[in-house]
Undergrad: 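Pasting a structure here, questions to come.
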Amino acid sequence: MTQSQSRSPRPASWHPDQPEREGLWIFTGLRDFIDNIANTSPARLALTAFSLVILLFTGLLSLPAASAAGVVTPLHEAMFTAASAVCVTGLTVVSTATHWTFFGQLVILVGIFVGGLGTLTLASLLALMVSKRLGVRGKLIAQEAMNNAGRLGEVGTLLRIVITTSVVIEGALALALIPRFMILGENFWQSVWHGVFYSISAFNNAGFTPHSDGIVPYETDLWILIPLMLGVFLGSLGFPVVMVLQQNGLNWRKWNLHTKLTIQVSFILLAAGTFLWALMEWDNARTIAHMNLADKIIHSLFASVMTRSGGFNLVDQNHMESTTMLLTDALMFAGGGSASTAGGIKVTTIAVMFLAITAEARGDADVKVYGRTIPQGTMRVAISVIVAGATLVSVSSFLLLQISGATLDRVLFETISAFATVGLSTNLSAELPPSGVYVLTALMFMGRVGTVTLAAALALRQRSQLYHYPEERPIIG
């Protein structure tokens, strides 16, 4: 009898490596799915990546281990907190300090760090992790996330620079804050935790605080306030601007147009916000009227920095004057720089629209600034961003007015804060029923992803038009 004859025949249905093949099939299917999305619509990949990350952190925050009470956190509260962390907003429906355990706070902190990298960066990283490579389309995604800050072959390096820059800046902020918390009486590990938490929350413009009373107890402590303001301001500039500053320093002539506009408009809004906030709140007995001159200036500067997306606050937002709340609404809607951890319609959008209005008033055919002409397509995108943002805020405000029955000023404030991923609150979020919480959750998601990316992701197909109709001008104005 030969060796082959001594073996009994195996059943046709018997596959010893079937579980392995099934596991590989699932992974291959996921890889093909991600590759297909990346090749057909980078915007959809960005949307998919952000959605998956939020769902993952929602599941983690729902665990009993994340709750101080040791029970499952309701879905609307867990999802809202996860979205607020990943979208680097800072709005809360439960107290970060008392509701969550150390594990829960750690999940929130990791969500802030991951979300701060941005939607397109996350999308390119997802494609890289699943496919083990960045194809041409994947590199285009990452290059778009960096505002075309480098050549196509350098995209992998750019992604590493983004992550490294985040870690280095956050580490420097933490090293500045940790000694101060120790001096104030906290033990070493508690000081380390609070320093790391505030540094990541500040640079990513999140506004989460591990203290139950926030940073109000430190309202005159410059050792804490200055690092927070620096972190928020640097984060609001955006990674493309930070990379240009790393390469060229303060040499204005070597800056690209995006960097020039971002920094110039950011400082204009910072100065105007500081002056106007101080002017409106100077004699308000419920906020800063009782303070000395130096403390009033500090509060005004801090408020101006934080309203643009930081989310930390030193005064109760309900105690501000109505005019100050309207000013805050405007600054929150403006937001920070493109491809940054800040939200809003972005300062370059404001700059482009202002330049277009100026050119129209002068009768210029082109929109020009710093020796460059801004393309018509860029102005179309700017108009789309503003109109889409205003529409989302209007529709969400209408829904929340119906759901909550709150006053218009509180609803509008909370809605803009959610859309612009700021995190300043009149405490309306915590008072809303689950339906209202889901409205704000969706608004934070859409605000962080961005109206342009959202529209491109929802489009059924990319249209290529091969013809052009005759032009005819309607009457405008």
Side-chain angles (χ1 to χ4, degrees), residues 53 84-91 96 105-122 125 145-147 158-181 191-211 214-215 218 222-246 259 262-263 266 270 301-302 304-313 335-344 346-347 420-424 448:
V53 170
S84 184
V86 176
C87 297
V88 291
T89 304
L91 289 174
T96 306
Q105 292 183 11
L106 182 61
V107 169
I108 292 173
L109 195 62
V110 175
I112 292 171
F113 179 81
V114 172
L117 297 177
T119 51
L120 295 176
T121 306
L122 277 181
L125 288 175
M146 293 300 101
N147 197 47
L158 293 179
L159 290 176
R160 286 193 293 271
I161 291 175
V162 167
I163 298 175
T164 303
T165 300
S166 298
V167 173
V168 169
I169 294 177
E170 290 162 0
L173 294 173
L175 290 177
L177 292 170
I178 290 171
R180 184 55 179 168
F181 286 122
S191 300
V192 170
W193 171 242
H194 288 160
V196 171
F197 196 104
Y198 277 113
S199 64
I200 294 178
S201 185
F203 179 70
N204 291 286
N205 283 215
F208 278 92
T209 64
H211 292 110
I215 60 170
Y218 315 113
L222 293 181
W223 195 338
I224 290 179
L225 298 184
I226 289 178
L228 291 181
M229 286 191 287
L230 284 176
V232 168
F233 187 77
L234 286 175
S236 70
L237 292 179
F239 291 112
V241 173
V242 173
M243 289 169 60
V244 169
L245 293 177
Q246 287 177 339
T259 301
T262 299
I263 292 181
S266 294
L270 177 63
L301 177 62
F302 190 87
S304 181
V305 173
M306 297 305 160
T307 51
R308 299 251 324 288
S309 196
F312 296 108
N313 64 284
S338 299
S340 73
T341 57
K346 304 299 189 296
V347 294
T421 68
V422 178
L424 293 175
R448 180 56 178 156

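None of these values were measured; they are calculated from a predicted model.
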Undergrad: Please check if the side chain of S304 supplies one atom and the backbone of L270 the other of a donor-acceptor pair under 3.5 Å.
TA: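 Here the side-chain-to-backbone pair exists.
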
Undergrad: Output the distance between atom CG (L109) and atom CD1 (I200), rounded to the nearest 0.5 Å.
TA: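 Rounded to the nearest 0.5 Å, the CG-CD1 separation comes to 4.0 Å.
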
Undergrad: So, do T341 and S309 sit near enough that their side-chain heavy atoms are less than 4.5 Å apart?
TA: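 The answer is no, as the side chains (C-beta and beyond) never meet within the 4.5 Å cut-off.
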
Undergrad: Could you tell me whether H211 and Y198 have their ring centroids closer than 6.0 angstrom?
TA: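 Yes.
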
Undergrad: May I ask you to test the Y218-F181 pair for a side-chain heavy-atom distance under 4.5 Å?
TA: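 In short, these two side chains touch, coming nearer than 4.5 Å.
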
Undergrad: Which atom names give the shortest non-hydrogen contact between R448 and G116, and what distance separates them?
TA: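 Smallest heavy-atom distance, with atoms named: NH2-O, 3.6 Å.
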
Undergrad: Starting at NE2 of H194, measure out to OG of S201 and round the result to the nearest 0.5 Å.
TA: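 The OG atom of S201 is 12.0 Å from NE2 of H194, to the nearest 0.5 Å.
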
Undergrad: Look up atom CG in L301 and atom CG in L225, then write down how far apart they are to the nearest 0.5 Å.
TA: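 Answer for the CG-CG pair, L301 versus L225, is 9.5 Å.
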
Undergrad: Which side-chain N or O atoms in residues 169-180 pair as donor and acceptor under 3.5 Å with protein atoms at least two apart or in another chain?
TA:
unit_1, atom_1, unit_2, atom_2, d
E170, OE2, N204, ND2, 2.8
R180, NE, D221, OD1, 3.3
R180, NE, D221, OD2, 2.8
R180, NH2, D221, OD2, 3.0

Undergrad: Just by distance, do the side chain of S266 and the backbone of I263 share a donor-acceptor pair under 3.5 Å?
TA: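 Here the side-chain-to-backbone pair does not exist.
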
Undergrad: Check whether T262 reaches the backbone of T259 with its side chain - one donor and one acceptor, N or O, closer than 3.5 Å.
TA: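 Absent.
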
Undergrad: Between F203 and V88, is a side-chain contact (heavy atoms from CB on, under 4.5 Å) present by the stated rule, with each step listed?
TA: CA-CA 10 Å; F203 179 70; V88 291; over 6 Å; no

Undergrad: When rounded to the nearest 0.5 angstrom, what is the spacing between OG1 in T307 and CG in N313?
TA: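 Atom-to-atom, T307:OG1 and N313:CG are 11.5 Å apart.
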
Undergrad: Could you tell me whether a side-chain N or O of T89 sits under 3.5 Å from a main-chain N or O of G423, the two making a donor and an acceptor?
TA: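 Answer holds: no.
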
Undergrad: If every non-hydrogen atom of S166 is compared with every non-hydrogen atom of F113, which pair is closest and at what distance?
TA: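 So the two residues come closest at CB-CE1, 4.1 Å.
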
Undergrad: Can you tell me how far the CD atom of Q246 sits from the OG1 atom of T164, to the nearest 0.5 Å?
TA: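 So the gap between those two atoms works out to 9.5 Å.
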
Undergrad: Check whether any side-chain heavy atom of V232 lies under 4.5 Å from a side-chain heavy atom of F302, and answer yes or no.
TA: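 Not touching, per the 4.5 Å side-chain cut-off.
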
Undergrad: I'd like to check F312 versus V305 (side-chain heavy atoms, cut-off strictly below 4.5 Å). Are they in contact?
TA: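 Not in contact.
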
Undergrad: Checking S340 side chain against A342 main chain: does a donor-acceptor pair fall under 3.5 Å?
TA: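 Yes; judged by distance alone, with no hydrogens or angles, the pair exists.
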
Undergrad: Does the side chain of N205 come within less than 4.5 Å of T421's, by heavy atoms?
TA: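 Contact flag for T421/N205 side chains = no.
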
Undergrad: Please say which of V110, I108, V114 ends up in a side chain to side chain contact (heavy atoms under 4.5 Å, CB included) with I112.
TA: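 Per the side chain to side chain contact (heavy atoms under 4.5 Å, CB included) rule, the option paired with I112 is I108, out of V110, I108, V114.
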
Undergrad: Can you tell me how far CD of Q105 sits from OG1 of T209, rounded to the nearest 0.5 angstrom?
TA: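 Going from the OG1 atom of T209 to the CD atom of Q105 covers 9.0 Å.
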
